[in-house]
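Quick notes on the structure that follows.
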Amino acid sequence: MADQPQIFELNNGTVVVKITNYGCTITSLSVPDKNGKLADVVLGFDTVEPYVKGASPYFGCIVGRVANRIKNGKFTLNGTGYSLPINKPPNSLHGGFKGFDKRIWEVAEYKKGDKPSITFKYRSSDGEEGYPGDVSVTATYTLTSSMTMKLDMEAVPENKATPINLAQHTYWNLAGHNSGNILDHTIQIWASEMTPVDENTVPTGEIKPVKGTPFDFTAEKKVGLQVHEVGLGYDHNYVLGGGEEKLGLKRAAKLKDPSSSRVLNLWTNAPGMQFYTGNYVNGVVGKGGAVYNKHAGLCLETQGFPNAINQPNFPSVVVQPGSKYQHTMLFEFSVE
């Protein structure tokens, strides 16, 4: 069961999610609109083959051991220097050439019923993609209620301290994956600050207020309103905070598509969120022959701050042996 990539389904009668053990990847997620009509709201492929062949720009997967960019692929930990693969020159991105998104995970548990869930596990070995120590990782997707999905990610270093930062990289388009671009969606992000980046999209270390800039989504705003003022589009880490809390999670973002009235409210316990507007997607042929171009979907990747391992003023992403990294995301769908 663990050695073959396959697609599993979670279905509670309202929401249907398809997930493959290749990279813990959500390949399809169907939710109703204001008229009860289902649409698949994530970018992806119909089969596992394109993912395995490398056609996917991180559609729907869990990235690790460290999500986002590590500057020049280098860091020092406990006096030892580490060099990582430079898979997005000049930096290391999303865990290297063969990160957690390109591994076959074992299916540890698969439950049907009114709260269906699936648990994947993976053991990352010492030196894999340049990272120190063995790490045991689990990820559980659960449909906790009719319109809610929860993702619990855990990782325990077994023998060495290591940076760990897992992120879920789904590209959302609430109008439907094949509906065009997401520039008419509105978004609110519960963050009054963001981390500015250098010319290679690595944070400079500064933490900057969003007020009076195109990065301000403290009130609901159209994604496309100022997207052209920020280079290729949004690809920035937001410093989450200031919203209400629920179940130990803080409010991260509210995404809405006016055409279908579908809404996604995202909650997390992570300190940051990469807001990415699919700037590098270009002519990818996806489900049902749909062609995904720039801004075909957007990502809401809750995370530790990018390059935190090299930025002492960012929250630490280092996890000690025997300690547990825990990252929870709650995806609440609705119509309004």
Side-chain donor-acceptor pair present, Asp152, Thr328, cut-off under 3.5 Å: yes
So does Gln6 get a backbone contact from the side chain of Thr20, meaning a donor-acceptor N/O pair under 3.5 Å? yes
Derivation of the side-chain contact (heavy atoms from CB on, under 4.5 Å) call for Val66 and Ile309: CA-CA 10 Å; Val66 175; Ile309 190 70; over 6 Å; no
So with a 6.0 Å cut-off around NZ of Lys254, is the heavy-atom count from everything else above 12? yes
Using a 4.5 Å cut-off on heavy atoms from C-beta on, say whether the side chain of Thr138 contacts that of Phe120. no
Would the His236 and Phe275 ring centres measure less than 6.0 Å apart? no
More than 12 non-hydrogen atoms from neighbouring residues, nucleotides or ligands closer than 6.0 Å to NZ on Lys250, yes or no? yes
Show your working on side-chain contact (heavy atoms from CB on, under 4.5 Å) between Lys98 and Glu128 and close with a plain yes or no. CA-CA 9 Å; Lys98 197 174 177 185; Glu128 180 179 299; over 6 Å; no
Does the gap between the ring centers of Tyr131 and Tyr82 come in under 6.0 Å? no
Geometric cation-pi criterion Lys102 and Tyr122, 6.0 Å radius, 45° cone: no
Lys221 side chain near Gln188 side chain, heavy-atom distance below 4.5 Å: no
Write down the atom of Asp184, the atom of Lys222, and the distance for their closest heavy-atom approach. OD1-NZ, 3.4 Å
Under the 3.5 angstrom rule, does the side chain of Thr25 hit a backbone N or O of Gly23 as a donor-acceptor pair? yes
When every non-hydrogen atom of Leu43 is compared with those of Ala296, the smallest separation belongs to CD1-O, 3.7 Å
Under the criterion side-chain hydrogen bond (donor to acceptor under 3.5 Å, both in side chains), which of Asn165, Thr268, Asn68 is the partner of Gln303? Asn68
Is it the case that more than 12 heavy atoms not belonging to Lys150 sit under 6.0 Å from its NZ atom? no
Heavy atoms only: give me the nearest Pro132-Ala161 pair and the separation to one decimal. CG-O, 3.6 Å
Please check if the number of heavy atoms outside Asn282 that lie under 6.0 Å from its CG is greater than 12. no
Could you tell me how the ring of His169 sits relative to the ring of Tyr171: parallel (under 30°), tilted (30 to 60°) or perpendicular (over 60°)? tilted
Between Asn310 and Ile70, is there a side-chain heavy-atom distance shorter than 4.5 Å? yes
Quick one: do the Asp257 and Ser260 side chains pair a donor with an acceptor below 3.5 Å? yes
Would you kindly say whether Glu158 and Ser136 are connected by a side-chain donor-acceptor distance under 3.5 Å? yes
Report yes or no: do Ser92 and Arg69 form a side-chain donor-acceptor pair below 3.5 Å? no
Are any of the side-chain heavy atoms of Arg262 and Val31 separated by less than 4.5 Å? yes
Can you check whether Gly283's main-chain N or O pairs, donor with acceptor, with Asn293's side chain at less than 3.5 Å? yes
So, are Lys256 and Glu336 salt-bridged, with charged N and O less than 4.0 Å apart? yes
List in chain and number order the residues that pass ring-ring contact (aromatic ring centres under 6.0 Å, His included) with Phe45, two or more places apart in sequence or in another chain; answer none if no residue qualifies. Tyr51, Phe59
Which heavy atom of Gln274 sits nearest to which heavy atom of Pro306, and what is that distance? OE1-CG, 3.8 Å
Shortest non-hydrogen separation from Ser117 to Thr142 and the atoms involved: CB-OG1, 3.5 Å
Do Glu206 and Thr195 come within less than 4.5 Å of each other through their side chains, counting heavy atoms only? no
Are there more than 12 heavy atoms of other residues, nucleotides or ligands under 6.0 Å from atom NZ of Lys34? yes
So which atom in Leu151 and which in Ala139 form the shortest heavy-atom distance, rounded to 0.1 Å? CD1-CB, 4.3 Å
Only counting residues at least two apart or in another chain, list the ones meeting ring-ring contact (aromatic ring centres under 6.0 Å, His included) with Trp172. Phe331, Phe333
Between Tyr110 and Glu9, is any side-chain donor less than 3.5 angstrom from a side-chain acceptor? no
Using the benzene-type ring in the case of Trp, are the ring centres of Phe217 and Tyr234 under 6.0 Å apart? yes
For residues Asp134 and Ser125, is any side-chain donor paired with an opposing acceptor at under 3.5 Å? no
State, without any angle test, whether His177 and Tyr292 hold a side-chain donor-acceptor pair at a distance under 3.5 Å. yes
Check whether any side-chain heavy atom of Asn173 lies under 4.5 Å from a side-chain heavy atom of Val41, and answer yes or no. no
Met149 and Thr144, any side-chain heavy atoms less than 4.5 Å apart: no
Can you list the residues that meet the salt bridge (charged side-chain N to carboxylate O under 4.0 Å, His left out) rule with Asp40, with sequence neighbours excluded? Lys287
Is there a side-chain contact between Phe305 and Gln311 in this structure, where contact means two heavy atoms from C-beta onward sitting under 4.5 Å apart? no
